[in-house]
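Remarks on the structure that follows.
The sequence lines fix the lettering, A, B, ..., with proteins before strands; numbering per chain opens at 1.
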There are 2 protein chains.
Amino acid sequence: MASTIKDVAKKAGVSTATVSRVINGDPRISSKTREKVLKCIHELDYKINNIARSLKTSKTYTIGFICPELANTFFMTVAKGVEDELRKYGYSVIVCNSNESVEEEKERIKLLLEKCVDGAIIIPASHSGAHFKALADQEIPVVLVDRLVEDFSTDAVLVDNINGSYAAVEHLINSGYRRIGYIGGDIRFTSAKERDEGYKRALRDYCIPMDDSIIKYGDYHIQSGYDKMKELMEEEEPPEIVFISNYYMHVGATKFLIEQKEAIRRKIAIASFDDMELASLLEFCKVLVSQPMLEIGSKAANMLIQRINDSKGHDPQIVRLKTQLIVKQE
Amino acid sequence: MASTIKDVAKKAGVSTATVSRVINGDPRISSKTREKVLKCIHELDYKINNIARSLKTSKTYTIGFICPELANTFFMTVAKGVEDELRKYGYSVIVCNSNESVEEEKERIKLLLEKCVDGAIIIPASHSGAHFKALADQEIPVVLVDRLVEDFSTDAVLVDNINGSYAAVEHLINSGYRRIGYIGGDIRFTSAKERDEGYKRALRDYCIPMDDSIIKYGDYHIQSGYDKMKELMEEEEPPEIVFISNYYMHVGATKFLIEQKEAIRRKIAIASFDDMELASLLEFCKVLVSQPMLEIGSKAANMLIQRINDSKGHDPQIVRLKTQLIVKQE
DNA sequence: TAGTATAATGTAATCGATTACATGCGGGAA
DNA sequence: TTCCCGCATGTAATCGATTACATTATACTA
């Protein structure tokens, strides 16, 4: 059906080796031969069969991207950054959804191994990374994004969560807020833990007493934002403002507040990690901590390509990108 | 490095053919041999090399998914549906971003051809589909999603845009609205054109005069929603409510209105296509038309697998899924 | 003119699987 | 006992590229 290198070789009256060399830009080929071969390639509409090439070169120019959820703007904006950058180097991306399950993550890793990817970029589904060793065993470089894991050390791209949180809470304090609630994520994730740390550190630095009754932990999903905001508002002494550590909980919390009576609504505000989609348009929202999502992706892609081209390189490297504080105009 | 079928064969004292048969579940292999081989596979941590397999079988169990943008919840929720469904059949997905450019779309198609995908699911970047023939020429099945194209006919999964729009506008009319504005998309896209049609048909059926001054066209992006809403509100006689034909323009329009004075804000409302993310939480929003995004994806995946397994099948088939009208509680 | 370096191309093995065809073996029928 | 059949397995070609090594042609030197 599709023409092969043999067809081209026969038509051009040369060997397959010569055709291959033309395709790969070998400078030893005379320009006369090159012209002739290129003409035949064009006439036969020949397209290289990367399967065959990969078998011989053991390079697939494909990388795997595993994330806990596809329909998530943070993950997908990172993916966009990854794809954009990798494409420049001729790589394409197999996207896998681990569904926030370690078991499924394992399966995806097996899949990527069987597909012989040249590398993987992973947003871990859990705090455990023992199963990532399967990739390392085959010398397939891995770059983690957003979270570190236990039992596996490799390159990673993170944001400076601590100072991101800190700056937001500090801003709230400087704006006169004193009773600042918090909705955090599962602290087994490094990112959640760090955002925690930033919040607490700011309170401590400004000598504001920490009150566990207005510190709640959700799971980064809309529903838990809703539930935790409800709990906060039902406390004896609710906060004046709540710092929420991710976008989807921000959305859930907003949803809860919208349903409340005007009297309640007037007395509460929100600050939140992540500036995506409509975050900045949401009612109650005063301050946002914006992550450079595209840059996270492109940086991860870059580090991965570095490793692919130089696997015997340096020790695992961690890059921390800065967040940006966004204060909404009144 | 990684062990091959040869290593397994040697260790088990059988031929590679036997190992291959075990891997592929050939029933002719005696259970004694099968056990022995499986044991060796396990001990050597052998993983099949799909590159080699694909070369021989000319099946890659990989499909391409091309969409105009990755950081878009509609496209990515469809992608999730696709991935979920395809995985059940052992397929994985290469995700490509056409960046809303036909040129880039062409490049991605070339890429997919070189990667020897077994099929492609495409959300077209434009109204033109002539370049999709390159896939058809290699007998690679294509399923379109959301939009049809000119010059290329193939299987497609769409929603019933006309009746989706119609139902929304009809609901507005029944709720007493008479001056209903519209912000549509580029009518060269079939989906935009159909949503148009639904809006206009409802007005006609209820004998409400159509007024071009409150019918505007944007490009499905946030900014154009903002701009067009502004234009509408600056008309001599602005609408009471505006039906907006996609989520991102809805967001933009809301953004514009939030910035306006209370007097203006009180007099306007919104209805919109797409129920995603926060659509239902947005101020001004009364009615939404929800698309079954996951189902669109899984249906497209299903149709594609059908074609892959039976390429000489029936004529191109178009599936239209129903939308759902969502009325917000006051 | 012979000898040698260099440039251009060809020959054929190879990557790791699949599979058509070949083979050997054991058991049942006559 | 002999013949045949079918089951279980092996042999080797093959998929479409790459590439080490071999070969030929050309040019240059002495």
Between atom [atom1] in [X] and atom [atom2] in [N], what is the gap in whole Å?
X        : N      : atom1 : atom2 : result
B:Lys6   : C:dT14 : NZ    : P     : 8 Å
A:Arg21  : C:dA12 : CZ    : P     : 14 Å
B:Asp7   : C:dG16 : CG    : P     : 9 Å
B:Glu114 : D:dA17 : CD    : C1'   : 13 Å
A:Ile5   : C:dG10 : CD1   : P     : 12 Å
A:Lys32  : C:dA8  : NZ    : C1'   : 11 Å
A:Tyr46  : D:dG16 : OH    : P     : 10 Å
A:Arg53  : D:dG16 : CZ    : C1'   : 11 Å

Distance test, side-chain N/O of [X] to OP1/OP2 of [N], below 4.0 Å:
X       : N      : answer
A:Arg28 : C:dA7  : no
A:Asn49 : D:dC15 : no
B:Ser15 : D:dG10 : yes
A:Ser30 : C:dT9  : yes
A:Thr33 : C:dA8  : no
A:Thr18 : C:dG10 : yes

Residue met sooner reading DNA chain D from 5', once B:Arg34 and B:Thr57 are mapped to nucleotides: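 Counting from the 5' end, the first nearest nucleotide belongs to B:Arg34.
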
Describe the nucleic acid contact of [X] in one word from base, sugar-phosphate, nothing, applying a heavy-atom distance below 4.0 Å.
X       : answer
B:Asn50 : nothing
A:Ile23 : nothing
B:Val14 : sugar-phosphate
A:Ser20 : base
B:Ile51 : nothing

Could you check A:Arg87 against B:Glu107 for salt bridge (charged side-chain N to carboxylate O under 4.0 Å, His left out), going step by step and ending with a plain yes or no? CA-CA 11 Å; A:Arg87 187 168 60 229; B:Glu107 279 174 35; 5.5 Å; no

Taking the side chain of A:Ala17 as its heavy atoms from C-beta onward, which of D:dG10, C:dT9, D:dT19 lies nearest to it?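 From the listed options, D:dT19 comes nearest.
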
What's the closest nucleotide to the side chain of B:Ile29 if the choices are D:dT9, D:dA17, C:dC15?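 Output: D:dT9.
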
Where each residue is assigned the nucleotide of DNA chain C containing its nearest heavy atom, which of A:Thr16 and A:Asp26 is assigned the position nearer the 5′ end?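 Checking each residue's closest nucleotide, the 5'-ward one belongs to A:Asp26.
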
Side chains of B:Cys67 and B:Phe74 in contact at under 4.5 Å (non-hydrogen atoms):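 No, their side chains stay 4.5 Å or more apart.
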
Student check: side-chain heavy atoms of B:Asp146 and B:Phe189 closer than 4.5 Å: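 B:Asp146 vs B:Phe189: side chains apart.
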
Give a yes-or-no answer on whether the side chains of B:Lys59 and B:Ser54 include a donor-acceptor pair shorter than 3.5 Å.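 No donor-acceptor contact under 3.5 Å links the two side chains.
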
May I ask you to decide whether B:Glu150 forms a salt bridge with B:Arg188, counting only side-chain N to carboxylate O separations under 4.0 Å?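 Salt bridge: no.
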
Going by an N to O cut-off under 4.0 Å, is there a salt bridge joining B:Lys39 and B:Glu43?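 Yes.
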
